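Since the structure comes first, as C-alpha cells, the remarks are kept for the end.
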Amino acid sequence: MLETIKKIATRLAQPDILFWVLPMMMALIVLGTIAQKSIGLFAAQQEYFGSFFLMLGPIPIPAGLSIMGVFLINLLCKFVMKSEWTWQKSGTIISHFGVLLLVFGGLMTALTSKEGFVMIPQGGSSTIVEDYHARNLAIRSETETLLTIPHEHLENGMTVSDPKIPFTLNVDKYCFNCTITSRPENLQQGWERPGIFMMLNKAPAESQDEKNLTGIEFSITGTHGVDGKYLTFDGFPKPPTLVVNDKPYTITIERARRELPFSIELKEFKRALHPGTDMASAFMSQITINDKEQGVSFPATIEMNEPLRYRGFTLYQSSFDLNGEVPYTILAVVENKGRLFPYIASILIALGLIIHLGLRIANRIKSRTEENAA
Amino acid sequence: MKTRFLSLLVIFLSLLFMAASPLWAEDDDKHHEQKPFAMAEFGQLPILHDGRIKPLDTFARTQLIRFSDKDHIEHMPAITWLATTLFDPGNASELKIFRINNENLRHLMGLEERKKPLYAFVEITEGLEKTFPTVEKLMSETPQNISSDQKDLLTLHENALEYTQILRSLSLLLPLNVTVPEKWAKELPTLSTRSVNFLTLKKIDAGLQDEIKQIIKRKGQNPAKYTPNEQMTAVLGWQIKMIADAAEGNNLFRVIPDPWDERNTDKKNTGQKSGEWISPWELVQSGKGSPRTSEFLDLWTALGANWSQLDDKAWHDNSKKLLALGNHSTRLEIFYNKLQPFFTSTIFFALSFLLALIALTFNQTKYIWFLAGGVLAIALGIQGLGLVARVLVLERPPVGTLYESILFVGFVAPFFAALMELRMKNMLGFLSAGFMGIGVGLLALSMAGEGDTMKVLTAVLNTQFWLATHVLCITIGYGWCLVTSVLSHIMLLGQATGKLDRPTLKNLTHAQGTLALTALLFTATGTILGGIWADQSWGRFWGWDPKENGAMLIVLWLIWIIHGKIAGQFSKLAVTMGMSFLSVIVGTAWIGVNLLGIGLHSYGFIEGLFWGLGVFTVGEMILIGGLAWIIQRKEQKGTIPDAA
C-alpha cells in the first residue's frame, strides 16, 4: 500500500505535469482577464478562477480551482519526494516551500475570508456589515428579521409563505438587474404605492456586479386589507410596509448582512484635495471602537493604506459619500485567516531565489577560476 | 452635465471675447516683430495647475502641446506664446495654434485646407458656434456611442474653452480702450499715469451703476433719449459688466497664493507643499484681497504695461520682483524642461548603439569599446538625472504612472545590460543597452504628448513606502526581463547568421540563465509585494485585477521556461525562443492590460498603443520563428556551434 502511494506520489511529482499545467494556467489567466471586459471582474472571478470547470462553448475545460489543485499536488509531491536536501539546492527548496505556503494561504483565504462594507454617517455608529455581492429578499417586522431568501432562489411565479408572516407573497417579476420606468396609466390597476407610478424592467446584468439593481414586483394575498401589487428593490429608501393585525411588515431587497461583535462610531471624516483640483490626495476616518463584550473603547484613525486590525477583523478606508447632509464613510471589513501567508511566503520566495542566484554566480566564478588555472 | 456646461460656456465666452476684443487698447502688430523679451524669470514664475506648483514655462508648454501637439509655434517658444496670449489677447487670437488633424472635423467647422492643419482662434469661433447644437446632443450620449469624429469635436470645444480662459486671465489688468466720462475720470487718480483697466474702473463701478439706474429711471431704456454724456456713462457701465461676466469662473491662471489659506502663510512651510492659489479674477471676484495680493496684482499690471511698451528692462525687473514675491523655486523644473533629458538620452543611446554595431561589424572592439561605453554612460547619466529631477520636483519615488514606469525601465534595462557588458566584454551588452535605450526612449517620447507628465497621484497611490518597494521592484523586474529578451534575440541572431562562436554562445547561455533568474526574483517579489499592498489598501491579497494577472503571467512564463529547461522538456533553442518572447509577455503585462480599460490600473484605451503592441507581437513572432527556423536548418546541416 505504502509502495503504491509512493509510486503515485513519485509520478505526481514529475516535472511534465508542471510543464502542461503552467501553459493551461497562463491561458486561463489570459481568457479570464479578457472576459472581465464583457462580464465584469466578479463574474469572471467566479467563472474562470473560482470554479473547477468552465464551459468554452459546448466544451468543458478545467478552470482555476482544478488547475491550481493539480499545481499544488504536483509541487507538494515534488517537494516531499524529489527535493535534494543539499546546500546547493537550498534556494530552490526554500522558494518552493514559499510557493506552497502562498498557494495554501490562497486556498485558506478562498475558504475562510469574508468581505463586506460598513457605511457610517458622521456622528453615527454601526455594527452592520453588508455584503458586496449577496442580496436577499428580507421580510422584517420593525427590527426583527422574519424571513430572508437569497436572491438566487427568487424566480418569477414563486410563492413565499411562512408561519411567521400573516400573508402570502407571490413573485410576479424578478430581475437581477432592473431599470425603473414610469408605469403607464392603463397598467396601474391593482397597484399600491409606489408601484402605481413606477415599474421594474429586466435589464442585462452590468459587468460590475455592485452596479446591478436587484428588484421584484410581487402580489400580497391573505391579509384582508392590504392585498395588492407592490414592488421593492435594492437600496429603495421607502420599501413597502404592510400593516397586518396592527403589526408592520417591511419587504426589502437588501445586501446580505452580518453583525460585528463591536460597534464603530464615526467621529469625523476628512478628505484632503490636491490644491486647485477635485482630486483627493488622502481621505481618513476618525472613529471610536466600542466593544461591550471586551469592555473596551478606543479611538482610531483609518486612512488609505493604513487599515485598523481588531479582533480578527480588518477595517479599510474604502470609499465615502459626501452627497447627503452629513458625510458618510464606507469602510471595507475583511475577515481573513490566511492573511499572514503571503507575507511569509514572499519573504521565503525572495530569500530562496537570492540564495539560488548567489550560489549560481559563486559556482560560475569558481568554475571560471578553475578553467583559468587549468 | 459638466461637459454640457463647459460647451455652453465656451460658446458664450468665445462670442463675448469676439465682442469685447475692440475694448482692449490697440497694440498694432509690433509684438510679432519685436525683439525677444528676456523670458528666463518670467518662465520661472510659479503657477498652481493640475494640483501642483509648476513654473509658467511648464504650464505654457503643456497648454501649447494640448492645442497644437508642439511646444512651440514656428520660431516662438511656448513661454513667449503664453506672454502674448496673456498680455496681447487681440493679436494672440490670430496665432495659428489649434491643430485639427481630422479632415471631417475641418470640413464640419468650415475651415480651409492647409499644408499644416493649424488654425487661429478667430478662425474657429464661427465653427464652434455652428457645431454647438451637435455638441449639445453629444452630451447625452454614452462615451461608447461617440464616434472618433465626434470625440475630436468635443476635444476641440474643450480646448477652445481652456484657451479662452488663458486669453482672458489678465483681462482685468490690461489697458482698456474705453472713454471715461469726465465726471468719473476725476475719481480715477491714476488715470494720468496709467492707462485705465478693469481694476481701476471697478473703483467707480458702484457709483456708475447707481447713476445708470437713475438715468434709466428718468429716461427709460432707450439710449437715443440720453444726452451724449449719459450715453457715454451707459456704454462704460455695459463694458465693465461685459468684461466681468466674461471672466466669471476664470480660475485657470492660479498665480497668487490664497491669502486665507494657512499653508501659504505658515512661515515654517518653506517647501513646495502648497495651499490653494487663486487666479487674479478669482481674487477680485471673491474679494479675498490683502496687501500682499495687491502687490501681485500691481506687478502683473506692470508686466502688462511693460509688454505693450516693449520695455524689456522693466519687464525683466518686474518678473524678478514677482518671482521673489511668489517665493517658490521652480529652477529645477526649468532646467529639466530645457535639458529634455529623455529626448537627449535617447540620442546618446542611439549613438552608443551605432558605435557598438560598427565595432561588431568591423571587429574593432578595442578602442570603440571605451567610446561606446563612454557614450552609454552619458546616456545613462542624463536619463538618471532626469529621473532624479522628477523625484525632487514631485517629492516622491520615481514611478507613480505608466509613463514614469517607462522612463524608469528606460534607465534600469540599459544599466543592467551595461553591467552585463562589464563582465562579458564582447560589446553585446552595449549593443543591447543602446537598443533598449532607443526602444524604451521612443515609447516614452510617444507617450509624453499627453502634456504635463509630472502628475499628482490619487489617494491610494499617495504612499511613499509602496511606491518605493512594490512599484520599483516590479519595474526593475520588467527591466531584467527586457535585458533577458534582448540577449536571447542576440543569441538567436548570432546563431542564425553564424556570427557567434562557441565560447561566446556558452557565455551568453549562462548569462541568459542568470538574467532569467534575476528577472524572476524581481517580478515574483514585486508581484507579491503588490498583493501585500492590495491587502493593506483594499483588504484582499489577490483580486484577479488585469494588472495583477499581467504580472503573474510574466512570473508563470519565466517559471515555465526555467523549469522546462531544467527538466529537459525544452531544447536550448526553445528556451532561447521562450526567453526572446518575454518581450511580448512583458509588453502585454506592462502596457497591454491597461488597454482593456478595466480594473484598478486602467489608463483607458489608447488606439496607437493597441496597434503598436499588436504589430510588435506579430513582428516578434515572425522574427523569433524565422530565426529559429534558420537555426534549425543549420543544426540539421551541422553548421552551428553547440552552446553546451
Side-chain angles (χ1 to χ4, degrees), chain A residues 14-16 18-19 22-23 25-26 29-30 32-34 36-37 40-41 44-45 48-49 102 105-106 109 113 115 207 271-277 279-283 303-307 314-316 318 332-334 336 338-339 341-343 345-346 349-350 353-354 356-357 360-361 364, chain B residues 48-53 251 254 261 263 274-277 456-460 462-463 465-466 510 513-514 517-518 520-521 524-525 528-529 531-533 535-546 549-550 552-553 556-557 559-560 563-564 566-570 588 593 596-599:
Chain A
Q14 291 302 313
D16 58 343
L18 182 74
F19 183 76
L22 284 173
M25 212 184 268
M26 287 189 274
I29 285 174
V30 171
T33 308
I34 294 171
Q36 290 180 23
K37 181 85 182 163
L41 179 64
Q45 261 182 37
Y48 285 80
F49 309 117
L102 192 66
T109 299
S113 80
E115 287 183 25
S207 56
R271 182 174 67 143
L273 299 175
H274 287 293
T277 68
M279 187 179 176
S281 61
F283 34 97
E303 51 189 309
M304 289 305 300
N305 297 312
E306 291 193 23
T314 315
L315 310 173
Y316 303 86
S318 165
V333 181
V334 178
N336 178 11
R339 202 181 69 78
F341 282 88
Y343 290 79
S346 61
I349 292 171
L353 282 169
I354 289 168
H356 186 66
L357 250 174
R360 184 186 163 88
I361 293 166
R364 178 72 178 159
Chain B
L48 176 66
H49 181 239
D50 282 347
R52 72 178 184 93
I53 299 284
N251 57 7
R254 297 169 189 264
D261 191 322
R263 287 168 296 182
S274 149
E276 290 290 343
W277 284 43
V456 292
L457 300 176
T458 54
V460 71
N462 226 352
T463 150
F465 177 75
W466 291 110
H510 192 273
T514 309
L517 275 173
T518 316
L520 180 61
L521 168 68
T525 311
I528 298 173
L529 282 174
I532 294 175
W533 183 6
D535 182 48
Q536 295 282 335
S537 303
W538 301 309
R540 91 289 184 283
F541 174 75
W542 198 260
W544 301 104
D545 176 81
N549 292 352
M552 179 137 101
L553 196 65
L556 291 178
W557 184 267
I559 292 176
W560 190 42
H563 283 78
I566 296 167
Q569 270 123 351
F570 278 131
T588 308
V593 290
L596 283 171
I598 48 173

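Quantities reported herein were computed from a predicted structural model and do not represent experimental measurements. So you know, we letter chains A, B, ... as the sequences are listed, proteins then strands, and number each from 1.
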_Tell me whether A:H274 contacts the main-chain N or O of B:L457 through its side chain, where contact means a donor paired with an acceptor under 3.5 Å._
yes

*Side-chain heavy atoms of A:L102 within contact of B:F541, under 4.5 Å*: yes

*For A:T109, is it the side chain, the backbone, both or neither that has a heavy atom under 4.5 Å from a heavy atom of chain B?*
neither

_Does any part of the side chain of B:H563, heavy atoms only, come nearer than 4.5 Å to the side chain of A:P15, both counted from C-beta?_
no

*Quick one: does B:T525's side chain get under 4.5 Å of A:I349's, heavy atoms only?*
no

*chain B heavy atoms under 4.5 Å from A:E115: which part of the residue, side chain, backbone, both or neither?*
side chain

_With a 3.5 Å distance limit and no angle check, can you tell me whether A:Q36 reaches the backbone of B:D545 through a side-chain donor-acceptor pair?_
no

*State, to 0.1 Å, how close B:L517 and A:R360 come at their nearest heavy-atom pair, and which atoms those are.*
CD1-CD, 3.6 Å

_Heavy-atom proximity to chain B below 4.5 Å, by part of A:M279_ = side chain

*What part of A:S346 is in contact with chain B, defined as an atom under 4.5 angstrom from a non-hydrogen atom: side chain, backbone, both or neither?*
both

_B:D50: which residues meet the salt bridge (Lys or Arg N to Asp or Glu O under 4.0 Å) condition with it, sequence neighbours left out?_
none

*Taking only residues two or more places apart in sequence, or in another chain, which ones meet A:R339 in a salt bridge (Lys or Arg N to Asp or Glu O under 4.0 Å)?*
B:D535

